[in-house]
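Take a look at the structure set out below.
Order of listing sets the numbers, starting from 1, for every ligand and every atom in it. Count residues from 1 along the sequence.
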Amino acid sequence: MPTIDSELGLIKQPAPAAPEIVVTGLTKSFNSRPVLRGLNVTINRAEIVAIVGHSGCGKTVFLDHMTGLMQPDHGSIRVADHSRPDRAMIELVGLDHDHLDQIRLHWAIVFQHNALFTGTVYENCALWLREHTTLLERKIKQRVREALSAVRLDPDEVMTKPREALSGGMAKRVAIARAIAPDPGVIFYDEPTTGLDPVVSGHIHELIFNTHNRPRAVGAVGAVGDATARTTVMITHDRELLRRISPRVIMLDGGIIVFDGPYERFLYADVPAARLYLEHMPVLHDRPPD
Ligand SMILES: Nc1ncnc2c1ncn2[C@@H]1O[C@H](COP(=O)(O)OP(=O)(O)OP(=O)(O)O)[C@@H](O)[C@H]1O
Ligand SMILES: [Mg+2]
């Protein structure tokens, strides 16, 4: 919607929507059992999108297609190539590894099961910065410390801990710190607050929101020109996270998209699967009212 700039008295038009991810006719089956049955979605740059649906409905499989980790049976997944000044859309299906790596330079993924590799917390968070930037180790350490503090972990306490010494909640927070440390243009979170206590969850809600709204640093790896806007795609069962962020909600059920619209409309959507889901959706992180 156009807005009136009171100082200048001008009507400002919002920037035209630029596509970040365009999914067309995506189908996927495992052992002849269809999981995704023809998904069509466009996610625009700077959007914040939540994918919801009951356990096993195909949310992670859908995300894995958007990140090029899975290949579809049919369909197309085109994504913006931030390494090009025109950010042209490029087809992920069948893309060679080198090109996929180049596309992924501006993405970060928080995996459902964290996917930390063997090594210390510091090694997990620093690896990407060591491999893809020219930052001195001193600067990398500073970035990692900032990212760990942002997820409310004490850097002095956790940086030298091996992966095996982390609790589930700590590992989840390290995975989030590792994702935000490179200042990515697109962040995918698969259940970022599952297993966290209510207080830490509240911090993560704010972190997701603030990270989304904080412009990318000029000169971030993979960023060209004015590409400072960030796009956030998350899978969540956390009702409080949805309430606080009010994202665009995409609901999967039976392998199709049964709802796609603002959270405010999702709450009252006249869609049986959405009604059932909302009635049974656990308030995982019951918090006192703000
Ligand atoms: N690599 C695979 N091989 C065979 N079946 C798979 C594979 N990956 C996923 N599936 C199946 O696809 C379906 C959807 O799985 P998915 O992990 O996407 O569910 P989900 O919606 O993310 O659930 P949850 O909320 O529990 O994480 C499940 O039935 C799962 O068993
Ligand atoms: Mg999942």
Would a distance-only check, ignoring hydrogens and angles, find a side-chain to backbone donor-acceptor pair under 3.5 Å from [X] to [Y]?
X: Glu91; Y: Ile77; answer: yes
X: Arg178; Y: Ile109; answer: no
X: Arg230; Y: Thr211; answer: yes
X: Arg45; Y: Ala18; answer: no
X: Asp197; Y: Val199; answer: yes
X: Lys28; Y: Phe62; answer: no

Could you find the nearest protein heavy atom to [atom] and give me its residue, atom name and distance?
atom: atom 18 (O) of ligand 1; result: Val61 N, 2.9 Å
atom: atom 27 (O) of ligand 1; result: Gln112 NE2, 2.8 Å
atom: atom 17 (O) of ligand 1; result: Thr60 CB, 3.7 Å
atom: atom 8 (N) of ligand 1; result: Phe30 CZ, 3.6 Å
atom: atom 25 (O) of ligand 1; result: Lys59 NZ, 2.7 Å

Point to revise | Derivation and outcome, side-chain contact (heavy atoms from CB on, under 4.5 Å), residues Asp64 and Gln71 | key: CA-CA 8 Å; Asp64 284 350; Gln71 291 287 310; over 6 Å; no
Check your understanding: Under 4.0 Å from any heavy atom of Arg33, which atoms of ligand 1 are there?
Key ->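 Every atom of ligand 1 under 4.0 Å from some heavy atom of Arg33: 13 (C), 28 (C), 29 (O).
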**Study point:** Contacting atoms of ligand 1, where contact means under 4.0 angstrom from a heavy atom of His237
**Key:**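 Here the atoms of ligand 1 in question are 25 (O).
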Check your understanding: Crowded around His74 NE2? As in, over 12 foreign heavy atoms under 6.0 Å?
Key ->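 No, because the 6.0 Å sphere around NE2 of His74 holds 12 heavy atoms or fewer from other groups.
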Review point. Is atom CZ of Phe30 surrounded by more than 12 heavy atoms (other residues, nucleotides or ligands) closer than 6.0 Å?
Key: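 Atom CZ in Phe30 is packed in, count exceeds 12.
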**Study point:** Any residue meeting side-chain contact (heavy atoms from CB on, under 4.5 Å) with Asp270, in chain and number order, not counting sequence neighbours
**Key:**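 Once residues adjacent in sequence are excluded, Asp270 has no partner under the side-chain contact (heavy atoms from CB on, under 4.5 Å) criterion.
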For ligand 1, is there an N or O atom under 3.5 Å from any N or O atom of [X]?
X: Asn31; result: no
X: Gly56; result: yes
X: Met70; result: no

Check your understanding: What protein N, O or S atoms come within a distance below 2.8 Å of the Mg ion (ligand 2), ordered by chain and number?
Key ->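 Only Thr60 OG1, Gln112 OE1 fall inside 2.8 Å of the Mg ion (ligand 2).
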Review point. What part of Val35 sits under 4.0 Å from ligand 1 if we count only heavy atoms: the side chain, the backbone, both or neither?
Key: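 Looking at Val35 and ligand 1, just side chain atoms fall under 4.0 Å.
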**Study point:** Pairwise side-chain contact, Ile90 with Ile103, heavy-atom cut-off 4.5 Å (strictly under)
**Key:**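 Yes, close enough: below the 4.5 Å cut-off.
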Practice item. May I ask whether Cys57 places a heavy atom under 4.0 Å from ligand 1? Key: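 Yes, Cys57 has heavy atoms under 4.0 Å from ligand 1.
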**Study point:** Cationic N near anionic O, under 4.0 Å, Glu137 to Arg130
**Key:**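 Arg130 and Glu137: salt-bridged.
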**Study point:** Pick from Ser29, Ser55, Pro34: the one approaching atom 24 (P) of ligand 1 most closely through a non-hydrogen atom
**Key:**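 Going through Ser29, Ser55, Pro34 one by one, Ser55 has the nearest heavy atom to atom 24 (P) of ligand 1.
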